[in-house]
Amino acid sequence: MPETDELLILKSIKGDTASFGKLVERYQHHVFNLALRMVNHHEDARDITQETFIKAFKSLAAFKYKCRFKTWINQIASNTCLDHLRRLKVDKARRIISPTAPYQETVENISVGNQSNPEEKLIQVERATAVKKALDSLPEAYKLPLLMQHYQKMSYHEISSALNIPKKTVATRLYRAKKMLKEFLSGGEYGEVFADQKKADGPNIKGVHIL
Amino acid sequence: MDLISRECTYSEETKIRSHLAACPRCTEELTELTYINNFLDNLSSQKAPPDLYANIMSTVEEMAESYKNLSQEITSCIRSQPPKGIPTSILRDLISAAAVALIIFWMGTGWISPLTATTENKISGAVLTYMYYTEVTLDRTKSSISVFNHSLFSAVDKLNMQPKF
């Protein structure tokens with residue numbers, strides 16, 4: 001039976017780095033995905049993930065078990081992402097750095113699921129690109145809870161703890177984020193992509209049983 | 001939103017569904033939000049780069065090693081420079097001082113001034129001598145603690161100068 005996060009934390013605090021390594025193994029993909037969706041740059045996401053785990057290791061003794069480790073690591077990751085984005089804005093304003101190419105969804109890196117033929121793969125790439133563009137159009141305050149809820153599968157309570165905002169605010173931001181996405185996807189160059197999927201989904205869309 | 005996010009209780013869900021059955025506008029809104037949810041699923045998860053774990057753990061192990069070394073350094077610093085006169089030496093010195101003072105003044109006072117050598121005088125003299133010798137002992141102890149603290153703080157300074165991430 002795998003050891004619980006709490007036990008691994010306890011062992012790590014006592015100096016067992018192998019136990020901390022198990023925590024890294026468990027959550028590295030999770031943190032990396034959050035960072036990648038937030039900053040939209042592969043190398044930066046990698047640096048943010050590394051920084052997140054180093055910060056977690058340094059402050060393990062202060063963890064205090066008030067929430068799940070997953071919530072805590074998401075909190076550190078989201079703060080690190082926001083710090084990074086703020087630094088980028090400042091550096092761009094000072095023209096210290098030039099804009100770097102954002103992470104592109106390609107046929108190679110997309111997870112195709114059950115799409116085996118090239119045409120299906122290309123459609124998938126198109127849709128994934130549309131989603132990325134739509135997410136990038138969101139303000140950070142709306143994007144973060146949406147990424148946490150939809151991709152990290154966190155509950156309102158966990159998002160509320162990680163972002164230090166009330167649960168009602170989480171619900172409001174999620175609602176507004178999805179309305180903004182809908183507006184973005186209904187017009188412009190991605191309108192057709194979205195409309196095609198709606199047609200393909202039809203009236204029996206998964207997740208909600210419509211009366 | 002709560003319905004789509006599965007954040008509502010069974011009774012709340014029942015109420016929402018009853019409302020949806022009678023409200024086409026809300027049903028349409030729910031459908032649109034669900035389409036958005038499905039569309040978001042087009043964005044796949046990525047695996048972290050394969051060497052990321054090794055990079056993280058190499059830094060973590062370096063940090064753990066440096067904390068361990070520093071902790072050993074502090075421990076050995078404490079052990080190698082025990083402050084003189086703490087605690088058994090102090091006790092020994094104090095007891096010696098008290099005993100000597102008492103003997104001298106008890107015996108000496110009686111010999112020097114037999115007529116005025118009352119018990120009170122003897123005790124008073126003994127106490128004064130005791131106080132003098134204890135003050136000297138405390139000064140010596142304070143100086144030893146000062147030397148010890150200096151060594152301890154030097155070691156702590158080294159800890160503060162560890163690289164921060």
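Chain A is the first sequence line, chain B the second, and so forth, proteins listed ahead of strands; every chain is numbered from 1.
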> At their closest point, which heavy atom of F32(A) faces which heavy atom of P49(B), and how far apart are they?
Replying inline: CE1-CD, 3.6 Å
>> Check this for me: does any side-chain nitrogen of one of R46(A) and D51(B) sit under 4.0 Å from a carboxylate oxygen of the other?
In response: yes
> Which residue out of V60(B), L52(B), I56(B), L40(B) racks up the most heavy-atom pairs below 4.5 Å with chain A?
Replying inline: L40(B)
>> I'd like to know whether NZ of K14(A) has more than 12 heavy-atom contacts from other residues, nucleotides or ligands below 6.0 angstrom.
In response: no
> Are D41(B) and H150(A) close enough that some pair of their side-chain heavy atoms sits under 4.5 Å apart?
Replying inline: yes
>> Among F53(A), F20(A), Y151(A), which residue has the highest count of heavy-atom pairs closer than 4.5 Å to chain B?
In response: Y151(A)
> When rounded to the nearest 0.5 angstrom, what is the spacing between CG in L34(A) and OG in S45(B)?
Replying inline: 11.0 Å
> About how many Å separate CD of Q46(B) and CG of N33(A), when rounded to the nearest 0.5 Å?
Replying inline: 6.5 Å
> Would Y53(B) and Q50(A) count as having a side-chain donor-acceptor pair, cut-off 3.5 Å?
Replying inline: no
> Do the side chain of H29(A) and the main chain of K47(B) share a donor and acceptor less than 3.5 angstrom apart?
Replying inline: no
>> If I take atom CG from residue L181(A) and atom CZ from residue F39(B), how far apart are they, to the nearest 0.5 angstrom?
In response: 10.0 Å
>> So, taking the atom named CD in E62(B) and the one named OG1 in T17(A), what distance separates them when rounded to the nearest 0.5 Å?
In response: 12.5 Å
> Can you tell if the side chain of L43(B) reaches within under 4.5 Å of the side chain of R37(A), non-hydrogen atoms only?
Replying inline: yes
> How about N37(B) and K178(A): does a side-chain donor come under 3.5 Å of a side-chain acceptor?
Replying inline: yes
> Going through the checks in order, is the salt bridge (charged side-chain N to carboxylate O under 4.0 Å, His left out) test met by E29(B) and K182(A)?
Replying inline: CA-CA 11 Å; E29(B) 174 91 344; K182(A) 185 192 153 192; 5.1 Å; no
>> Are E25(A) and M57(B) packed together at the side-chain level, in the sense that at least one heavy-atom pair is separated by less than 4.5 angstrom?
In response: no
